[in-house]
Amino acid sequence: MYILRAPSFGLLRSRPVFSKEANFLGFSKQVVQLDYRPGIAFTMAKSYSSFLKDTAYVGGQWVSAASGETFQVTNPASGEVLGSVPDMNAGDATKAIRTAYDAFQSWKETTAKERSLLLRRWYELMVESKESLAELLTVENGKPVTESLGEVNYAATFLEWFAEEARRTYGDTIPAPVKSKRIVVIHQPVGVAAMITPWNFPYAMVTRKAGAALAAGCTVVLKPSEETPLTTLAMVELAHRAGIPAGVFNIVTCSRKHVEQVGKAMCTDPLVAKISFTGSTAVGKTLLKWGADTVKKASMELGGHAPFVVFDSADVDAAVHGAMMSKFRYMGQTCVCANRFLVQEGIHDAFCTKLAAAMEEQLKVGDGLDKGNTQGPLINTRAVEKVESQISDAVSKGASVMTGGKRHALGGTFFQPTLLTGVTTDMLCTQQETFGPVAPVIKFKTEEEAVTIANSANVGLAGYFYSNNMSQIWRVAERMEVGMVGVNEGMVSMVEAPFGGVKESGIGVEGSKYGIHEYLNVKYICFGGI
């Protein structure tokens, strides 16, 4: 993965400088210096300074890597170095796991009410600090600050939710087949949960995973993305202030140099009972293989390739509104964003014209700290190159660029929101998850054709469609091979609903009343001689 490096003052004027290192799963890493045009902010906002940490967190203490190594964290909008954090290795991870295991022996004995009150306090502290947390998120991963504030609020609701769900892990009594026996079922925490979280929603993925685990009575060792460790460490600071006991919630930070060994340690250590991962399907498969030898419980929220289908009966204006929300939230860098637009021939031209107009009118590219901007930078250079390659491939095979299609004049990793028409299923943009601001539109004739294309992917996280035909709504909702369906709706994520996919999009669900059960074992107790 690319890491942007720039001085903390001034603008780079030199040509890009490249170097390569080996990284996780055999890919190469390029360390890149990029040119940024005037107008990109370099001055750090002061409101989040109290949350900036240069250490990890293990056993209730702020700690460095045993080796003393660190790595830099940068602002994708400007290249500014925000700080450095420990570059920990497998030994550090193993120590954190042992710490979490020891803490589990007492944490599992706390009452549900005790855990609930601590999570509730963590939630309250998040809400009190939401503006500062939002600005920190924007400078670390480029998300427009309005969206960042939305993520902070969304993330906080998972703590609120699981504070409540902690007290609802009810058991059962089951009628026995003989008079002298009684059957009772209880739920118990699985143990230490190892978590690996992504860079695109660093607050929400921490609270959706750790909130459920802590509510259930598990302890946690979490490795954040190397792109966004600062936001995760800010969350830990709030957990610390909330009174989460030492060893219950631990953070191991590392760069891509150590990510394979740290990930392997977390997945193979026999003291770890549960793995939770959000990220690519390829990495998820590797983690599952590593965890197989010790038969670990696993939750995997993996890649998506969401279809967005618009039928002739749809309200075109509503469909365009939904498309804008689904596709261009965080510049298309979400696992549930619309990735393939399928539009029926009767309204195809009207939809494309209105979508292009909405993109031109509503999407403004620039530094996320400027509240007038709706589209920030992509996370790194590799993301830009993937977007460019998909657009180039589509155009070479006959697609047309209706708007956008190029890197933005701001330079760096800014990219123009792009609408492609004349797209066919042999193009890369219809076969691979884009993770960028590209909307490829395929024209179709029949419902059967649309459903076949929608279900052709080997993943199935989210899917969307617009229709005002009630019979069609039921048919398509049931036939879409995805874990979450938006019917006349472009955003489906909410704390009350289960989040998860089918096929190669993952295992298990997060959030909702079901999420806490991913961290609980079911135990059957038989009482005899009664």
Side-chain angles (χ1 to χ4, degrees), residues 116 119 123 150-151 153-170 172 187 189-190 193 195-198 200-201 203-218 220 274-279 281 284 288 297-308 322 325-326 329 334-338 454-455 457 459-465 473-474 476-522:
S116 175
L119 288 171
Y123 158 76
E151 182 184 337
N153 288 326
Y154 176 57
T157 61
F158 283 107
L159 296 178
E160 179 186 39
W161 176 264
F162 285 117
E164 297 164 352
E165 288 299 294
R167 303 176 71 176
R168 300 187 183 122
T169 55
Y170 306 128
D172 288 297
H187 298 286
V190 299
M195 302 176 175
I196 301 176
T197 54
N200 58 344
F201 285 90
Y203 288 137
M205 294 305 95
V206 168
T207 58
R208 195 164 75 186
K209 295 176 186 293
L214 269 56
C218 297
V220 170
K274 161 82 179 186
I275 306 166
S276 180
F277 171 71
T278 294
T281 297
L288 285 170
K297 193 177 180 75
S299 297
M300 295 279 150
E301 194 265 280
L302 307 178
H305 192 35
F308 190 106
M325 289 194 301
S326 179
R329 182 169 57 127
T334 80
C335 55
V336 294
C337 76
N455 289 340
V459 292
L461 189 57
Y464 310 87
F465 70 93
I473 286 173
W474 276 108
V476 176
E478 291 177 347
R479 292 184 64 194
M480 264 195 174
E481 295 173 357
V482 296
M484 299 171 284
V485 180
V487 181
N488 296 325
E489 177 57 56
M491 292 184 68
V492 296
S493 301
M494 57 193 78
V495 65
E496 295 83 1
F499 191 104
V502 299
K503 299 197 283 191
E504 293 187 19
S505 280
I507 301 169
V509 297
E510 295 183 332
S512 78
K513 69 177 184 179
Y514 304 104
I516 196 170
H517 289 278
E518 298 286 333
Y519 298 91
L520 293 168
N521 288 323
V522 175

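- Of all the heavy atoms in C337 and A306, the pair that sits closest is O-CB, 3.3 Å.
- With sequence neighbours excluded, the residues forming a side-chain contact (heavy atoms from CB on, under 4.5 Å) with A215 are L119, F162, A166, I516, listed by chain and number.
- The distance from atom CD of E165 to atom NE2 of H517, rounded to the nearest 0.5 Å, is 7.5 Å.
- Taking 4.5 Å as the limit, every side-chain heavy atom of K503 sits out of range of all side-chain heavy atoms of V459.
- In this structure, the salt bridge (Lys or Arg N to Asp or Glu O under 4.0 Å) partners of E510, at least two apart in sequence or on a different chain, are R208, K209.
- Looking at every heavy atom in both residues, F277 comes nearest to G284 through CE2-N, 3.6 Å.
- If you take CZ on F158 and CE on M494, they are separated by 10.5 Å, rounding to the nearest 0.5 Å.
- Looking at C335 and F201, their side chains never come closer than 4.5 Å, going by heavy atoms from C-beta outward.
- Residues S299 and E518 bring a donor and an acceptor atom of their side chains to less than 3.5 Å of each other.
- The line from CG of N455 to CE of M480 is 7.5 Å long, rounded to the nearest 0.5 Å.
- Counting heavy atoms from C-beta on, the side chains of H187 and V522 come closer than 4.5 Å.
- With rounding to the nearest 0.5 Å, the separation of OG1 in T281 from CE in M300 is 11.0 Å.
- Scanning all heavy atoms of the two residues, the minimum distance from S326 to A338 falls at OG-N, 3.0 Å.
- Shown here for T197 and V206, the closest heavy-atom pair between the two residues is CG2-N, 4.4 Å.
- In this structure, I473 and F465 have side chains that are in contact, with non-hydrogen atoms separated by less than 4.5 Å.
- Going from atom OG1 of T207 over to atom CD of E151 covers 8.0 Å, rounded to the nearest 0.5 Å.
- Counting heavy-atom neighbours within 6.0 Å of Y154 OH, excluding the residue itself, gives a total above 12.
- Between E164 and R168 the shortest heavy-atom distance is CB-NH1, 3.5 Å.
- For the pair V509 and G500, the tightest heavy-atom approach, listed with the atom from each and the gap, is CG1-CA, 4.3 Å.
- Atom CD in E301 sits 8.0 Å away from atom OG in S505 (nearest 0.5 Å).
- A heavy-atom distance below 4.5 Å is not found between the side chains of N200 and T278.
- Partners of V336 under the side-chain contact (heavy atoms from CB on, under 4.5 Å) rule, at least two apart in sequence or in another chain, are R329, T334, L461, A462, Y464, M484, S493, F499.
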